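For the numbers below, each heavy atom of this structure counts, side chains included, while hydrogens, waters and symmetry mates do not. Remember, predicted model here, so these are calculated numbers, not experimental data.
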Amino acid sequence: MNFNFDNLAINKKLPMTIVAIASLAAILTAGAAYWVASSSARHETEIQLLATATSKSAAAKAFFADTEKQVIELAASPHIANALARFETAYGELGEGADATLHQTYIENNPNPLGQKEKMTVAATATNYDAVHAALHPWFRSILKTNDFYDIFLFNAQGLNVYTVFKEEDFATQLANGRWKDSGLGNLVRRVLAGSPDSAPILQDFAPYAPSNNIPAGFVAAPIKGADGRIIGVFAVQLSIAKIDAAMAQAPANGRTGENTLIGQDGLARNNSPLSKESTMLKRKVENPESRAGFNGQSGVSHNRNALNQAAYTAYVPVEAMGAKFVALSDITSAEVNAPINKLALTLGVVMLIIAAAASAIGLWFARSLTKPIGALTNSMRILAGGDTASQVPGLGRGDELGTMASAVETFRESAIERIRLESITKEESAIQIKRGQVIEEATSKFERVAGDMLRAVSAASAELNATAQAMTSAAERTNHMANSVAAAAEESSVNASSASASASELSGAIEQIQGASSESATVANEAVRISGEAQQAVGELVGAANSISEVVELIRGIAEQTNLLALNATIEAARAGAAGAGFAIVASEVKNLANQTAGATDEIGSHIGNIQTVVEGAKNAMNRIEAVIGRISNISGDISNAVENQAAVTGEIARSINEVSSAAQSVTEDVIRVTETASETGVAASQVLAASHELSMQAAKLEEETNRFLADVRAA
């Protein structure tokens with residue numbers, strides 16, 4: 001059995017409709033709120049993750065850039081060159097077995113535990129190496145702590161490690177071609193020694209380092225130049241893993257389940273995960289579309305799976321430092337992102353159920369308030385349909401639509417009462433109408449006899465009138481022929497006149513086009529003048545930017561002079577202090593500050609140069625616009641020429657049309673003469689028709705008299 005909503009009672013249909021509408025509105029509202037909230041949460045997550053990945057990328061770049069800058073400064077320091085020379089001389093004085101002697105003294109006999117061997121400054125063997133170590137080791141240790149390096153190394157020109165702060169297994173060994181030649185540091189030392197004395201520092205990416213129990217280690221090294229400009233050794237530092245971990249620490253965007261990871265080109269992490277109790281550096285491998293996109297120089301956010309195979313949002317930003325490529329990844333699990341959204345969905349579901357229940361209750365009450373009076377009104381109409389007009393209609397006092405319906409039913413009741421009264425009156429009049437019909441029938445018979453005689457007379461007159469009408473028809477045909485000729489000629493005249501009018505209109509349009517083109521030419525010329533002014537202003541700005549660059553160059557020159565003076569003071573102070581070099585640290589710090597000022601001034605030069613380029617580009621664009629405007633002026637001139645040609649053609653068309661109108665007018669004149677002659681013939685025939693019409697009028701008058709008598713008899717009946 002098929003369900004038909006139209007057959008359902010209103011007292012059921014109305015509450016069902018109200019509940020359905022309210023439920024649908026609640027569902028749509030809740031769905032829209034959920035969609036907006038989830039979209040907003042995911043979009044905000046993506047923005048924060050990308051910002052975090054960008055900041056982590058910047059932090060990683062800053063870490064490598066600061067290390068590179070520190071290595072450059074230290075490798076170029078005369079104190080480092082002097083320290084290398086002193087350690088190398090003292091190492092050579094130990095003779096054969098120097099490496100074993102130093103291992104025994106500074107590692108095996110070192111009272112400090114493993115990982116703290118750097119705490120021993122003075123050894124008990126009293127060799128020249130011990131004296132040099134006692135003098136310089138505190139200084140190197142302070143450099144290590146100040147710059148937060150993991151270790152510092154000095155190598156001579158043959159790749160021999162003559163000093164290290166932490167004293168691990170590679171201390172006092174040959175790194176370039178000895179036991180650890182295939183390690184990352186051994187490879188780095190060979191590359192520096194094979195390079196130029198002025199080469200930039202080289203980065204050896206993190207890899208397991210055997211002398212440090214295979215823990216991950218990364219190194220940066222630079223050549224040490226002697227007084228003759230040749231390479232006399234290598235200065236190297238081991239990068240701090242703690243600084244990498246700090247740079248990639250969790251951010252608010254990572255929540256509780258996300259992390260930041262620095263990925264190398266081998267796909268391995270370069271930092272430890274804060275979510276793991278064990279070290280993940282160089283142990284966790286990340287190979288996904290995000291890392292591949294980052295190594296291709298792209299950045300963005302995607303929804304994929306993280307290193308733990310969890311659904312997550314991941315932002316990726318490329319990092320490049322000292323020739324090495326990395327990718328900074330910042331992620332957060334989808335579960336954590338969706339947790340508040342799911343909670344919102346539950347809340348919206350509960351609210352939706354409450355709204356649906358409230359709507360159902362209101363719908364039932366409202367339906368009952370409508371269906372009950374409708375039922376009473378329906379019953380009243382059923383009684384009225386049965387013929388009972390005595391029952392009163394309920395709901396007449398209501399002011400709503402139900403009251404209007406009750407008023408309509410009351411009108412039906414009153415109409416039924418009036419219909420019953422009229423039916424009784426109709427029965428009385430029926431008898432009167434029957435008698436009246438009999439009288440009318442007698443009068444009609446009499447009228448029929450008289451009217452027959454008159455109609456025969458009218459028929460005879462009509463025959464005579466027909467003959468006359470035929471004569472008039474012939475004349476009318478000739479008149480019609482002439483009239484057609486006149487109409488054709490008139491029509492041709494009208495067409496030619498219209499053509500002349502159209503040509504005149506086209507001529508007017510062409511003139512207006514000429515005027516518009518002339519106006520636009522003036523406007524374009526004004527625009528060319530204005531753009532030329534803009535070009536002149538751009539050149540003025542170019543001159544101002546050049547003056548600013550001159551002032552900045554003067555500032556740099558002053559800073560350079562101060563730097564030279566402070567460098568001279570540093571040299572004198574260092575010579576006075578001897579090995580201690582306490583004053584050198586203060587002067588060196590001042591030199592470093594002045595160097596930073598020089599760098600700032602250089603940046604300002606770059607900024608002004610950029611301004612000059614921008615202004616020059618503006619001038620170029622202005623000239624291009626002037627060229628375009630001139631082209632427009634040329635095009636408009638062509639338009640003016642075309643409009644003038646059109647005007648000449650239209651003028652010729654007007655002249656030809658006027659000649660044709662003149663010929664047509666002559667033809668019309670001749671046809672009018674012939675129409676006049678034919679009209680005379682028609683007048684004679686018309687006289688004959690008039691006589692026949694007179695006779696017909698007399699008969700018609702007699703017929704009218706009889707008709708009036710007949711109508712009088714009918715009215716009297």
Side-chain angles (χ1 to χ4, degrees), residues 71 74-75 80 83-145 147 149-190 192-193 204 207-222 224 232-241:
V71 169
L74 290 170
I80 296 297
L84 174 61
R86 294 177 65 183
F87 276 118
E88 184 178 15
T89 300
Y91 188 96
E93 292 176 357
L94 295 175
E96 291 291 335
D99 55 344
T101 300
L102 292 176
H103 263 256
Q104 183 177 9
T105 302
Y106 287 93
I107 297 177
E108 297 174 8
N109 297 335
N110 191 327
N112 297 294
L114 187 65
Q116 299 182 16
K117 300 296 183 181
E118 84 284 355
K119 291 183 178 180
M120 189 178 80
T121 300
V122 180
T125 54
T127 64
N128 185 31
Y129 189 94
D130 298 332
V132 175
H133 188 276
L136 297 179
H137 183 68
W139 181 60
F140 275 105
R141 190 164 55 192
S142 67
I143 292 175
L144 182 140
K145 292 181 179 179
N147 296 283
F149 298 137
Y150 181 82
D151 204 355
I152 295 177
F153 305 86
L154 293 179
F155 300 91
N156 65 7
Q158 289 73 41
L160 176 66
N161 174 228
V162 296
Y163 172 76
T164 177
V165 174
F166 259 87
K167 309 297 188 301
E168 293 182 334
E169 290 298 318
D170 53 359
F171 171 57
T173 62
Q174 172 58 253
L175 263 291
N177 50 26
R179 176 184 176 187
W180 313 109
K181 65 178 181 179
D182 295 327
S183 66
L185 184 56
N187 178 56
L188 180 61
V189 170
R190 286 195 302 275
V192 174
L193 291 175
Q204 179 64 42
Y209 187 55
S212 297
N213 293 323
N214 282 322
I215 67 171
F219 304 92
V220 177
I224 301 175
I232 61 173
V234 176
F235 175 81
V237 298
Q238 184 173 345
L239 299 175
S240 170
I241 297 175

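Using modelled atom types and a 3.5 Å distance limit, the side chains of Tyr91 and Asn156 yield no donor-acceptor pair.
Here the closest heavy-atom approach between residue Gly159 and residue Val189 is recorded as CA-CG1, 4.0 Å. Looking at every heavy atom in both residues, Ile107 comes nearest to Lys117 through O-NZ, 3.2 Å. Annotation for Leu144 and Asp151: closest pair CD1-CA, 3.5 Å, computed over non-hydrogen atoms. Of all heavy-atom pairs spanning Met120 and Pro111, the tightest one is SD-CD, 3.9 Å. Contact record, Leu193 with Gln158: CD1-C, 4.3 Å, taken as the closest heavy-atom pair. The two atoms that bring Arg86 and Leu136 nearest to each other are NH1-CD2, 4.0 Å, heavy atoms only.
Atom CD of residue Gln238 and atom CG of residue Leu185 lie 8.0 Å apart, to the nearest 0.5 angstrom. Taking OG1 of Thr121 as the start and CZ of Arg141 as the end, the distance is 4.0 Å to the nearest 0.5 Å. Going from atom CG of Asn213 over to atom CG of Leu114 covers 6.5 Å, rounded to the nearest 0.5 Å. Taking CG from Leu102 and OG1 from Thr105, the interatomic distance works out to 6.0 Å, rounded to the nearest 0.5 Å. Here the CH2-CG distance, from Trp180 to Leu175, works out to 9.5 Å after rounding to the nearest 0.5 Å.
For the pair His103 and Lys167, the minimum side-chain heavy-atom distance is 4.5 Å or more. Looking only at side-chain heavy atoms (C-beta outward), Tyr129 and Glu93 stay at 4.5 Å or farther from each other. Side chains of Lys145 and Glu118 form no contact here, defined as non-hydrogen atoms less than 4.5 Å apart. Contact annotation: the side chain of Ile215 never approaches that of Tyr209 to less than 4.5 Å [non-hydrogen atoms, C-beta and beyond]. Contact check for Tyr150 versus Phe219: no side-chain heavy atoms found under the 4.5 Å cut-off. Considering only heavy atoms from C-beta on, Ile80 comes within 4.5 Å of Leu154 through its side chain. The closest side-chain heavy-atom distance from Glu88 to Ile232 is not below 4.5 Å. The closest side-chain heavy-atom distance from Phe235 to Leu84 is not below 4.5 Å.
Using bins of under 30°, 30° to 60° and over 60° for the plane-to-plane angle, the ring pair Tyr163/Phe140 lands in the tilted bin.
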Run Asp130 and Thr127 through side-chain hydrogen bond (donor to acceptor under 3.5 Å, both in side chains) and show every step you take. CA-CA 5 Å; Asp130 298 332; Thr127 64; 3.0 Å; yes
Between Phe155 and Val192, is the side chain to side chain contact (heavy atoms under 4.5 Å, CB included) condition met? List the steps. CA-CA 11 Å; Phe155 300 91; Val192 174; over 6 Å; no
Side chain to side chain contact (heavy atoms under 4.5 Å, CB included) between Leu74 and Phe149, worked out: CA-CA 13 Å; Leu74 290 170; Phe149 298 137; 4.1 Å; yes
Evaluate side chain to side chain contact (heavy atoms under 4.5 Å, CB included) for Thr173 paired with Arg179, printing each intermediate quantity in order. CA-CA 8 Å; Thr173 62; Arg179 176 184 176 187; over 6 Å; no
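Distance alone, capped at 3.5 Å, places no donor-acceptor pair between the Asp99 side chain and the Ala172 backbone. With Asp170 contributing its side chain and Pro211 its backbone, the two residues share no donor-acceptor pair below 3.5 Å.
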